[in-house]
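Working notes for the structure below.
In this text, all values refer to a predicted model and were calculated from it rather than measured experimentally.
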Amino acid sequence: MTENRFDPSQADGRWQRAWDQAGTFTADSNSPKPKSYILEMFPYPSGRIHMGHVRNYTMGDVLARYKKMRGHEVLHPMGWDAFGMPAENAAMEKMVHPGEWTRSNIEAMKAQLKRIGFALDWTREFATCDPEYYGHEQALFIDMYEAGLVYRRQSEVNWDPVDMTVLANEQVIDGKGWRSGAEVEKRKLDQWFLRITEFAEDLLSGLGDLKDWPDKVRLMQENWIGKSQGLEFSFELSNGETLPVYTTRPDTIFGASFCAIAADHPIAQGLKDDPSVAAFIEECRKGGTTAAALDTAEKLGFRTNITARHPFHGQALPVFIANFVLMDYGTGAVMGVPGHDQRDFEFATKYELPIARVVARSVSEANAPMAGEAEPGDGVIVNSDFLDGMSVEDAKADVIAKAEAGGWGEGTTVWRLRDWGISRQRYWGTPIPIIHSPDHGPVPVPKDQLPVELPEDIDFETPGNPLERHPTWKHTTCPISGKPALRETDTLDTFVNSSWYFLRFASQPVDAPFDPEEIAKWMPVQHYIGGIEHAILHLLYARFWTRAMERIGKFDVKEPFSALFTQGMVTHETYSLGDGSWLSPDEVRKNGADWTRIEDGAPVTAGRIVKMSKSKKNVVDPDNIIEKYGADAVRWFMLSDSPPERDLPWSEAGIEGCWRFVQRLWRLFDSYDTSAEGEDKSLARKTHQTIVAVAEDIEALGFNKAVARLYELTGAVEKAKPSVSRNFAISSILHMVSPMMPHLAEEAYAKLGNSDLIADAAWPEHDPAMLVEDEVTIAIQHKGKLRDTLTAPKGAANEDLEALALASEKVQRSLDGAEVRKVIVVPDRLVNIVT
RNA sequence: GCGGGUGUGGCGGAAUGGUAGACGCCGGGGACUUAAAAUCCCCUGAUCUUUGAUCGUGCGGGUUCGAGUCCCGCCACCCGCACCA
């Protein structure tokens, strides 16, 4: 007898080709079916697909295939977030062109994705480095420019003087360039900005409608946008100038005992002629920006000889330059109220400034001593002239009203959110479509000249931006005067590319970035799945971009993603030698409870289970696993056990278990018996219940639960004798696992004599009448503890259940003659006897 | 510091206030086999005086006939933000 096994090495590829040839997953926007746009965050083409991608795309794939089975027209596209620094780094290290490097990575990764059998519409594939894509992006940039959503101003950057390049904050390590090791300088450059702050209010309030986003992400965005309301007002200074400050606690204004300004504040800068001021400002600059440094940093100040006049009682308050005041928040200056702000308290303590109580628990506690720290909480206002006795809320409103009436201040809203700086002094990005004309300043490139393409002949031998250095590329003419002019050599932040790719997936006209009619058909994305690391920037930028498009009349969508799901990471145990060096999983072997290195038997320590990373060598390459077990076992593993939002620990034993289940199902499908007769009511009932439950689980993205239910039903079918019900159960399992293990499912479906594809099949129908049990198990408790169970017909009368319960021998033993005071009966569930 | 999350067997994890530990992994025992692989069957939270009982969902209280689930107070770990006025 030949072995009856499912062989993915020949089946997987065969069915992948069959789907391709049939165009099974090509989305038809003209279909009358309801539409579902399922999207996973597109990958950066770094070179290899990793397990995190596999998990992410498997989840989306199950949803996409499931929706299709449910009669939806599904758009499930894939593409490449192809601009970015790794390509430039590779160019410098390996002397390859960034485009070439990127293209070959895309080719390799696409082949990997194909091998996993994802139900993707490859006809819509693109890379953001395609001139067709970034040309449209340039057109959108110009539209936004003309709508006043783009502007240019000076802004500080991290400048590496050796590499002659701008560094991202993450590339600055201990004040030095990550590559060159050179001391990083602050430089001011003219840079382009998008007016995301103009949408701050809308981006914030819009979060309220995103019911199907994780609370966590909404909160993170809310905090990032950082709305705060307060009073902006000006102090008159002793030197004749005025000092605008911002406070969220105008109610505490009578507690102000000093003013503090940032080191970068113009007034502070104006005092730099005094060498001790200059020295102090320099000192402020040095302070670390890490969490630890800030935690322990002492509040430092420099007392100027300027004083500020209190707007109500007119007393002179000293003005300090202080290291804890930030220039880029509010006005860069604050009033110091030590009694009710912890930083001010520490500062006042150090410089022996008055600490007054102006908020107390009650009026009678107006003179209670301070507790050794600031009291930022609620209470009634005291020691504050006309505010005395008011609540904090009322006093805020009253002070704002008086400031506005007196013309020295106004109630304002301050946002933490900054405008989005999009200039990058790099080659591998979308060229900013602007020409700097000697007569007309910055002028957009005429749209008929788009795309402004990147030059191919570049060199990375010398430091600096290759676009800047290129002999001819930047030289052009002014679109207005025709005189010689220079192109903008900055490129766009890669987050711009990912801010609208989902729109391009949904519609791909040649002559426009997108087609509003097609957008209306597909948008918003129904399920967007990706990593939590994009909770703020990418998702906020995409929300902004979509709103900006709506604002300039491109279409009628505001929120791009109606439901968001952030999946957990794939983790793996770590292995290390005595010297602390890491070993990869295939370099080690388990002997009993201990681990050793295969090569020489050296003892190995198995360490924490952490995210797969090259540095810890705890990486498992999907290709090797697919080679060994086929795509379906890997897909099944990705869905099993861990809830999708939590981390998934990869293990060899786990994938072995999945592989066994693939074969177990194969045998089960093989046991379909066309000659079987008769009903098996309880199996049929379980099947119908499972059909409903698995569907609910998939729709809630509870893949681990769906998997568990399928195991359970499989076990039940294996034990059952041949019957029509058993065949129905087998067929149902086959259909239900098809989104998860599509290759196995197709193979078995064909073997059962079908000539169509199960990918085109419908989700199994359930019979509502079969969901109801006719017998139920009743738990019998005595004093809240389980004593016995009994089987009763569903809907049995309470009295009958009570009688049955009391008749139980175990219950009687537990009662031991005690008087029954009360009996609680929950119909069809339990009886609890209270004594 | 602020905000959020998590805590259940050896492990991943199930559980509308109603039989805690479904399902999977690991482990143990057995069947089949010359043998191995594969497969199948049984056991698998702890303790005890083991036909049974007691304890058990991070810790301490509370509400309830009944709490993993609800309330109050702690602890630990993880994540995000951070001198934001």
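Look at CG on A:Asp788: it is 10 Å from P on B:G52, rounded to the nearest Å. Summarising the geometry, the separation between NZ on A:Lys611 and P on B:C79 is reported as 12 Å, rounded to the nearest angstrom. Distance A:Lys227 NZ to B:A85 P: 14 Å, rounded to the nearest Å. If you take CZ of A:Arg646 and P of B:U6, they are 8 Å apart, rounded to a whole angstrom. Protein atom CD1 of A:Ile253 is 17 Å distant from nucleotide atom P of B:A85, rounded to whole Å. Atoms CD1 (A:Ile824) and P (B:U19) sit 15 Å apart, rounded to a whole Å. The distance between atom CG of A:Leu790 and atom C1' of B:U19, rounded to the nearest whole Å, is 11 Å. Protein atom CG of A:Asn798 is 14 Å distant from nucleotide atom C1' of B:G18, rounded to whole Å.
A donor-acceptor contact under 3.5 angstrom links the side chains of A:Ser228 and A:Tyr329, judged on distance only.
Taking atom C1' on both nucleotides, B:U63 is separated from B:G17 by 12 Å, rounded to a whole Å. Between the C1' atoms of B:A67 and B:C72, the separation comes to 15 Å (whole Å). B:A37 and B:G27 have their P atoms separated by 13 Å, given to the nearest Å. When the P atom is compared between B:C81 and B:C71, the two are found 29 Å apart, to the nearest whole Å. Separation of the P atoms belonging to B:A14 and B:G7 is 9 Å when rounded to the nearest angstrom. Going from the P atom of B:A53 to that of B:G9 covers 25 Å, rounded to whole Å. Here the separation of B:C48 from B:C65, taken at their P atoms, is 36 Å to the nearest Å. Across the P atoms, B:C25 and B:U39 are found 10 Å apart, a figure rounded to whole Å.
Taking the six-membered ring where tryptophan is involved, the planes of A:His572 and A:Tyr575 are perpendicular, since the angle between them exceeds 60° and thus also 30°.
Residue A:Val834 is classed as a sugar-phosphate contact, given heavy-atom separations below 4.0 Å to backbone atoms only. Nucleic acid contact class of A:Leu219 (heavy atoms, under 4.0 Å, all strands): sugar-phosphate only. Here A:Arg821 lies out of heavy-atom contact (under 4.0 Å) with every strand.
Here the side chain of A:Arg416 is nearest to one of B:C81, B:C40, B:C65, namely B:C81. The side chain of A:Asn832 has B:C65 as its nearest neighbour among B:C83, B:C65, B:G4. Distance from the side chain of A:Lys822 is smallest to B:C65 among B:C40, B:A82, B:C65. Of all nucleotides listed (B:A85, B:G13, B:A82), B:A85 comes nearest to the side chain of A:Arg343. Taking the side chain of A:Lys216 as heavy atoms from C-beta on, and the options B:C79, B:A85, B:G13, the nearest nucleotide is B:C79. Here the nucleotide nearest the side chain of A:Thr789, chosen from B:G66, B:G7, B:U19, is B:U19. In this structure, of B:C55, B:C83, B:C81, it is B:C83 that holds the atom nearest to the side chain of A:Phe324. When distances run from any side-chain atom of A:Thr247 to the nucleotides B:C83, B:G18, B:A85, the shortest one goes to B:A85. Closest contact between the side chain of A:Arg813 and the listed nucleotides B:G52, B:C55, B:G13 involves B:G52.
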- Message: Output one letter per nucleotide in nucleotides 22-30 of chain B: B when a protein non-hydrogen atom lies under 4.0 Å from the base, S when only the sugar-phosphate is that close, - when neither is.
- Response: BSSSS----
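A:Glu718 pairs with exactly one of A:Arg726, A:Arg667, A:Arg664 by the side chain to side chain donor-acceptor pair (under 3.5 Å) rule, that one being A:Arg664.
A distance below 6.0 Å separates the ring centres of A:Phe661 and A:Tyr711. Between A:Phe669 and A:Phe6, the ring centre distance reaches or exceeds 6.0 Å. Ring-centre distance between A:Tyr246 and A:Phe233: not below the 6.0 Å cut-off. Ring centroids of A:Phe312 and A:Trp408 are separated by less than 6.0 Å, placing the two rings close together.
With both pairing distances under 3.5 Å, B:C59 is matched to B:G73 as a Watson-Crick or G-U wobble pair. Under the Watson-Crick and G-U wobble criteria, each requiring two contacts below 3.5 Å, nucleotide B:U39 is paired to B:A31. Across all strands shown, nothing is found opposite B:U64 as a Watson-Crick or G-U wobble partner with both distances under 3.5 Å. Look at B:G1: its Watson-Crick or wobble partner, with both distances under 3.5 angstrom, is B:C81.
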- Message: As a quick check of understanding, evaluate salt bridge (charged side-chain N to carboxylate O under 4.0 Å, His left out) for A:Lys227 and A:Glu222, giving each step before the final call.
- Response: CA-CA 8 Å; A:Lys227 181 179 187 174; A:Glu222 191 179 317; over 6 Å; no
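Taking only distance into account, the side chain of A:Lys783 never meets the base of B:C65 through a donor-acceptor pair shorter than 3.5 Å. Within 3.5 Å, no donor on the side chain of A:Arg787 pairs with an acceptor on the base of B:U19, nor the reverse.
Listed here is the closest heavy atom pair of A:Ala308 and A:Cys259: CB-SG, 3.9 Å.
Other residues, nucleotides and ligands place no more than 12 heavy atoms under 6.0 Å from the NZ atom of A:Lys611.
Nearer to the 5' terminus of RNA chain B, by closest-nucleotide assignment, is the contact made by A:Asp215 (compared with the other of A:Tyr246 and A:Asp215). With RNA chain B read from its 5' end, the first of the two nearest nucleotides for A:Val325 and A:Lys810 is the one closest to A:Lys810.
Taking syn as a glycosidic angle within 90° of 0, B:G9 qualifies as syn.
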